[in-house]
There are 2 protein chains.
Amino acid sequence: MITKIKGNRKQQIIDKATSLFQKQGYAATSMRDLASYIGIEAASLYSHIKSKEEILQTICFQMANDFFNSLEKVESENLSADIRLKNAVASHVKVLTKDSAASAVFFSEWRHLSDKYLKEFLDMRNSYENKFIQILIDGYKEGVFKKMDAKFTVLALLSSINWMPSWYKPEGQLSPEEIAENVTDVFINGLKIRS
Amino acid sequence: MITKIKGNRKQQIIDKATSLFQKQGYAATSMRDLASYIGIEAASLYSHIKSKEEILQTICFQMANDFFNSLEKVESENLSADIRLKNAVASHVKVLTKDSAASAVFFSEWRHLSDKYLKEFLDMRNSYENKFIQILIDGYKEGVFKKMDAKFTVLALLSSINWMPSWYKPEGQLSPEEIAENVTDVFINGLKIRS
DNA sequence: CCTACCGATCGGTAGG
DNA sequence: CCTACCGATCGGTAGG
């Protein structure tokens with residue numbers, strides 16, 4: 001039996017790079033670092049990838065697409081705003097926890113993308129945030145959410161979730177579903193006991 | 001009149017470094033970069049600082065101390081938990097917005113500290129988070145907050161605030177006080193209309 | 001604060 | 001996938 005190792009090498013490079021970029025940051029990770037972890041020479045990496053930045057691009061846009069697609073599915077269901085917010089948070093957390101190392105890189109290393117990709121990336125992020133903002137505005141119109149600064153609230157909401165990759169461990173006590181539930185509960189209901 | 005430029009040079013180096021570390025990251029900022037922005041040669045920097053890392057240490061521990069002292073003042077006032085939470089958030093936002101570039105460096109570049117300082121830094125951060133956790137636990141005991149995962153909630157709360165330096169501009173519409181009020185309101189009262 | 005310079009390391013290429 | 005190597009750049013020091 002011939003094992004398909006060849007096609008996996010590129011993915012192996014990307015996976016190891018993801019882990020190193022998360023731990024040390026993109027700029028502080030050298031191609032020699034990466035190569036030695038994989039067990040080949042640095043020069044050999046370039047048979048599989050074009051450049052160091054290409055690896056970062058792959059990680060960032062893969063994650064961006066996952067987030068986007070996941071959110072679009074939620075939107076297509078056309079439910080009431082509070083349920084949609086709940087589902088959107090759940091979908092966000094699910095994508096995030098599926099590969100928390102890639103998520104961490106996605107959230108903190110994107111600024112090392114070169115101009116063209118940086119612009120594309122920021123456009124996608126902006127558009128993603130706007131979808132959340134729309135849910136909050138809809139909720140206000142539907143009379144289920146208070147009047148608020150929707151953009152501010154969305155940034156606070158996403159930030160509180162996005163920090164997770166820095167402490168989330170799959171073997172921890174909280175499942176992705178519980179995390180989503182906790183976050184949604186705090187943001188929708190607040191901490192105060194309702195009287 | 002003789003202007004005291006000599007004593008200001010070190011601060012000027014730290015300020016410029018703060019700005020560059022925020023924009024490009026610590027690892028991607030070279031001492032030559034920094035020197036040329038200041039208008040001297042790279043070698044001349046070392047008349048004022050011992051090493052590149054010393055600059056990072058100065059920024060990180062300066063901010064850590066500011067956060068710490070500010071929170072201790074809030075705690076010494078011995079108020080009820082919900083008011084203390086409100087004040088703690090306000091104090092945190094105030095420190096954060098006073099120098100948002102330094103805050104951004106503090107939050108995302110600390111991992112480049114060498115072992116000894118890294119440990120010290122993480123100990124301080126842990127102890128800071130624990131003070132917030134204690135406020136939530138007190139709030140539960142006092143019957144003003146719901147039963148919740150206090151650690152999780154604090155991490156979500158601090159994360160949502162700490163992301164701010166990436167978008168906060170002093171000339172923006174929201175004052176530090178309004179930001180603190182918005183954050184506290186969401187976390188304490190939630191988005192849902194109380195019925 | 002500068003000139004001159006150090007050894008180490010960087011991302012990447014040529015050619016096999 | 002390797003050897004051999006490129007030019008560029010890194011943090012930092014010596015000596016003035």
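These numbers come from a predicted model, not from an experiment. Each chain gets a letter, A, B and so on, in the order its sequence line appears, and its residues count up from 1.
Q11(A) and D15(A) share a side-chain donor-acceptor pair at under 3.5 Å. Of the N and O atoms on the side chains of S70(B) and S91(B), at least one donor lies less than 3.5 Å from an acceptor on the other residue.
H92(A) and Y128(A) have their aromatic ring centers within a separation under 6.0 angstrom.
Listed by first and then second residue, the salt bridge (Lys or Arg N to Asp or Glu O under 4.0 Å) pairs involving residues 50-61 of chain B are K50(B)-E54(B) (not counting sequence neighbours). Residue pairs meeting the salt bridge (Lys or Arg N to Asp or Glu O under 4.0 Å) criterion with at least one partner in residues 131-140 of chain B, sequence neighbours excluded, are E75(B)-K131(B), R84(B)-D138(B).
The distance between atom CG of L34(A) and atom P of dC1(D), rounded to the nearest whole Å, is 12 Å. One atom, CD of E41(A), and another, C1' of dC5(D), lie 13 Å apart when rounded to the nearest Å. If you measure from atom NZ of K10(A) to atom C1' of dC1(D), you get 17 Å, rounded to the nearest angstrom. One interatomic measurement links the two molecules: CG of L45(A) to P of dC1(D), which rounds to 9 Å at whole-angstrom precision. Remark: P of dC2(C) and NE2 of H48(B) are 10 Å apart, rounded to the nearest angstrom.
Taking D123(B) as the reference, K119(B) meet the salt bridge (Lys or Arg N to Asp or Glu O under 4.0 Å) condition, with sequence neighbours excluded. For S19(B), the side-chain hydrogen bond (donor to acceptor under 3.5 Å, both in side chains) partners at least two apart in sequence or on another chain are K23(B).
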Please write out the pairs of protein N or O atoms and N or O atoms of nucleotides 10-13 of chain D separated by less than 3.5 Å, giving the distance to one decimal.
residue, atom, partner, partner atom, Å
dC10(D), OP1, S30(B), OG, 3.2
dG11(D), OP1, T29(B), O, 3.3
dG11(D), OP1, K52(B), NZ, 3.0
dG11(D), OP2, M31(B), N, 2.8
dG11(D), N7, R32(B), NH1, 2.7
dG11(D), O6, R32(B), NH2, 2.9
dG12(D), OP2, Y46(B), OH, 2.9
dG12(D), OP2, K52(B), N, 2.8

*Reading DNA chain D 5' to 3', what string of ( ), [ ], | and . shows its pairs, if Watson-Crick and G-U wobble pairs count only when both distances fall under 3.5 Å?*
||||||||||||||||

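Phosphate proximity of dC1(D) to S47(A): absent, as no side-chain N or O sits under 4.0 Å from OP1 or OP2.
Of the listed residues (V105(A), L34(A), L45(A)), just one forms a side-chain contact (heavy atoms from CB on, under 4.5 Å) with I55(A), and that residue is L34(A).
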